[in-house]
Amino acid sequence: MKKILTPAFFIIICLGTISLLVRYAATHNVAVLNPQGIIAHKEFSLLVTATLLMLIVVIPVFILTFVIAWKYRAGNTKAKYMPNWDHHHGLEFTWWAIPCALIFALSILNWNSSHDLDPYKPIASNAKPITIQVVSLDWKWLFIYPDQRVATVNYVEFPEGVPVNFQITSDAPMNSFWIPQLGGQIYAMPGMNTSLHLMADTTGVYDGSSVNISGRGYAGMTFKAASVTNADFDQWIKTAQRSGHYLTEPEYAKIAAPSENMPATTYALGEPDLYNEIMMKYMTPGAEMTGMVMP
Amino acid sequence: MHNNDSKTVFGFWVYLMTDCVLFASLFVTYAVLHGNTFGGPGAAELFSLPFVLGETLILLTSSFTAGLAMLAAHAGRPRQVLAWFAVTFLLGVAFLTMEVTEFSKLAHEGNSWQRSGFLSAFFTLVGTHGLHITSGLIWMGIMMTKVVRGGLAPNTLRRLTLLSMFWHFLDIIWIFIFTIVYLMGAAS
Amino acid sequence: MKILGNLTFDALKHDGITGLTVNAMLIGAPIAFILLVAGLTYFKRWPTAIGFVKWLWKNWLTSLDPKKIGVMYLVTAFAMLLRGVADAAMMRAQQATSVGSSHGIVSSDTFQQVFTAHGTIMIFFVAMGLMFGIINLVLPLQIGARDVAFPFMNSASFWLYVAGTVLINLSLVVGQLAATGWLAYPPLSELAYSPGVGVDYWIWSLQIAGIGSMLSGINFLVTILKMRRPGMTLMKMPMFTWSVLNAMVLVAFAFPILTATLAMLALDRTLGMHFFTAGAGGNAMMYVNLIWAWGHPEVYILVLPAFGIFSEVVATYSHKRLFGYTSMVWALGAITFLSFIVWLHHFFTMGAGADVNTFFGIMTAVIAVPTGVKVFNWLFTMYRGRVVFATPMLWFLGFVVTFTIGGMTGVLMSVPAIDFQVHNTLFLVAHFHNMIIGGVVFGYFAGITYWWPKIFGFKLNERLGRYAFWCWFTGFLLAFIPLYILGLMGAARRLDHYDASMGWQWLFIVSGVGVLFISAGIGFQILQLAYSVWKRKENRDTTGDPWNGRTLEWSVPSPAPYYNFAVLSPVTERDPFWEAKQKAGSDRPAKQKYEDFEMPKNSPMGMFIAAFAFIFGFAVIWHIWWLVPLALLAVITTIAIRTLDDHSEYTVTAAEVEELEASHAQ
């Protein structure tokens, strides 16, 4: 009896905690399980499908473990004891073949989804896409709207139902650009340009962050991504363009200098080719703009 | 005793294989970085094929003389062993001298390992080979002293076998360097 | 040129909790030393102290006996486990309290050093240490040999590992550690973004220990292939031996990549090169590829011997032959081969494109097949057996639960599009802890408990072992299930602070409670050790075969004699000891014919090589340039002196062996 008390005590703690955790998750916003953009939706259903496929093996393994452990415990002398029985072709075949089949199915899923959800792939839509250039800095995010001539720090806004082509680089160590409710992440790397295509279903404000450590202030690299109506977006652009607050080279140098928890700021874009200049300075000597810091 | 030999020789082969993987990592890095000249000169501008051919011939010859030394060792002729290893040693020193000369020239011109990813990869790959050659020469010096002091005892014979394996291995690595770094570089 | 390079007294100044700890050490250590000297003098115990040091030197520190070296590995690894768990506790405490306007108990910089220390120490100094410790203790006995192939190199490997642990722990007191995470990606780890000595400590600690590991890989590989008993063909080897063989192949192929990569990062930082810098033609993605080309095989290096241990444990405690031996061998081989072609799954999000991502994703999923095969074979070893649920079997059951969950989440992440949403979040952290704690740590704990009587001559207390297991198991689930949820809620890894509006705090608190349970588990393990030592006479293993074992290590007395076996007689089947026991009594055992054999003499040279290597590393880190070539020269000279020593062995005569065997039989 005593031998059962210890495990029973601990198993109750485990099960109790797990059910509390599940309840907690169900009553809070679990971003990845609450998609608000087309890419995130697809990634979520992929997660569900793959999990169900895995459970086909995992659940039998758990059941088998406990049944076998219980039935063949030394105390159960009624169970058959065959100390030299050590192979069975049928069983071997089963547990090589069924997992192989599952992995084969998963591989098809893998190929299709990797191509369909490739971050570099533009989103098919009737709406005209907008381009937003993203630069990860120490320790903030800079968003440049080359066509709208506007720029923001730690805040990005775009219209709902419109594909957004993010072009991403870094003027700091490697970071990772992520808005979980809209879609998966991609690395931001100095001297390199990566792409991410996202589209929000509807209006809303979503959390974004950096998902790769880039130094002391990394945890503070959170930002808000707002999806608004087309009309609101146009209005916002106009206001920013007329703000009189210009993002010029010297202003950029100030932003790029290491600092933490910079509040959301909006600019009119004073240097139209800023993004390319930031990238180029890593690729050829002497391409740095005045006042820019070379690592 | 025999079992000891086969164990040690086999162990040394495994070590050489790990060294191979080390060089492979450096080769693959060179392959990725060889175009990253950051606006500076590339392989085609910097490498002199005749000079490198000279280094190659010296090293290949030294492998040949090391082989002759081992033949003498198995035939039990310590004086010949010393003579051939002495020649090998001198050829090795000549090779290193040429390499150091090449490196200094590049550095003085402003094309040091600090200038670009390409040059960092070049100096490191070729330099690591050079460091291995240097270790081999030190080892050779020690072994020659052992032969002088104690003749061709079984332990010494075994160690000479390992040394010659090492030396031939470095020759093979050099052939890859010659081909991938210099020949392909000059053609680019 | 300053005589101490960049080293000044500033290196001893630290903030916050680190500062308090370091100051306590700096004040406490001299006081403890003075008290010790005073006490020894007052109580006239100097002869005892000197005698103790001499005993330690002769019997442990300079010993080339793998059984001794193995114990030293375990002691060091366990000490590092305490440090690693302390780091974990600090991390959980920080993340449970650093919300909103509170910034927790440590600064961001300290926190980032703590998790870097945690990961680096756990992988390189706990897991690798436990692994090499167990292999040293068990492998020669299992294959029926007296020693490993290269006993001196074995000692050097151990001391190089110690040099690595000293360096990384020193970084806490003198200077700082990297604040980059345990793999120190550039450009963050380059001089521009990490100008201090932290990354250099990280590099040299791992470089020195890594060379030790690589030499061990060569050593154990040759041992298995060249020193088995006559008649023990590959397909008659115990499963643990097979798993070590595969793991050592991985070590031999993977560790040189680590050596090269760390060297290149060191060259960037020390000689101004541009392998991985941002700009000047450097390519940080190259580092990521290289480090994971090592890093992925590394995790299989750690887990394969654990699998081997489970094969031994399950068969022994089920009193039944291991199910599907051939299949298990092929599964090991498949895992070993596949582990070299999956590395990119660690950075699907770096933008390699759909085709490349898919290839690596599929290969990753494929590894799940042979791994699953092994789990089924273990379960069916229990099937129709008579299973005793001693502590090692509990660790096995805990492994099945936790490792299966981890395996499942691993296959989920092998789909790049899913990975995009969970990469570098706490979901990933939970996954790999499932694999490492559930697989590696539980496996090594099972192995240590299982082979303990063979090493020390007495059994560990069962009840305390059970309590330890349940605390670890519960603690593990409490600590890591919340992290899966946190990851899905968008929580990145390595955060030292977050907004209250995220709703994450309660989950971090539960996770913190989990670490308390794990600490209790460790507490029980320490208690188990102390109590078992105290009660060792009552729990003595008098037969050498406390579990009715199957393999050769159980055929010698406990603890094993220093020469392991008196006679190296041939074997004819798998599980040779079990088969011999079944046949016992039917034949009269033939009279043993003893022969002379050679054993290695003690040597301090391995320790000296490592000490000089440590000085070399320290000198490079602090730019004490004059010391660098001197230390290197010292290493080379010591190696040369040792390799030229032709009198490193001594003979044990047949008569001596006969006498020793007779005394054991009494």
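Every chain is numbered from 1, with letters handed out A, B, ... down the list of sequences.
- Within the 4.5 angstrom heavy-atom criterion, only side-chain atoms of C:Met264, from C-beta onward, approach chain B.
- Contacts between C:Leu271 and chain B at a heavy-atom distance below 4.5 Å involve backbone atoms as well as side-chain atoms.
- Between chain B and the residues C:Asn219, C:Leu644, C:Asn283, the most heavy-atom pairs under 4.5 angstrom are made by C:Leu644.
- Note: C:Tyr563 and C:Phe597 have tilted aromatic rings, judged against thresholds of 30 and 60 degrees for the angle between ring planes.
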Trace of the ring pair (Phe, Tyr, Trp, His ring centres under 6.0 Å) decision for B:Trp113 with B:Phe103
CA-CA 9 Å; B:Trp113 49 88; B:Phe103 282 8; 7.9 Å; no
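- Between B:His129 and B:Trp174, the ring-plane angle classifies as tilted under the 30° and 60° cut-offs.
- Under the 30°/60° scheme for interplanar angles, the aromatic rings of B:Phe166 and B:Trp139 are found to be tilted.
- A distance-only check finds a donor-acceptor pair linking the side chain of C:Arg229 to the backbone of C:Ser569 [under 3.5 Å].
- For C:Ile218, the parts lying near chain B are the backbone and the side chain together; criterion is any non-hydrogen pair under 4.5 Å.
- Contact tally against chain B (heavy-atom pairs below 4.5 Å) for C:Asp646, C:Leu221, C:Ile257, C:Ile636: the top residue is C:Asp646.
- Only the backbone of B:Arg115 comes within contact range of chain C, judged by heavy atoms closer than 4.5 Å.
- Heavy atoms closer than 4.5 Å to chain B are found in the side chain of C:Phe150, but not in its backbone.
- Contacts with chain C were tallied for B:Val14, B:Thr18, B:Asn36; B:Thr18 has the most, counting heavy-atom pairs under 4.5 Å.
- Of all the listed residues (C:Thr643, C:Asp268, C:Asn289), the one sharing the greatest number of non-hydrogen pairs under 4.5 Å with chain B is C:Thr643.
- Using cut-offs of 30° and 60° for the angle between ring planes, the B:Phe47 and B:Phe118 rings count as tilted.
- Between atom CG of residue C:Asp645 and atom NE2 of residue C:His647 there is a gap of 7.0 Å, rounded to the nearest 0.5 Å.
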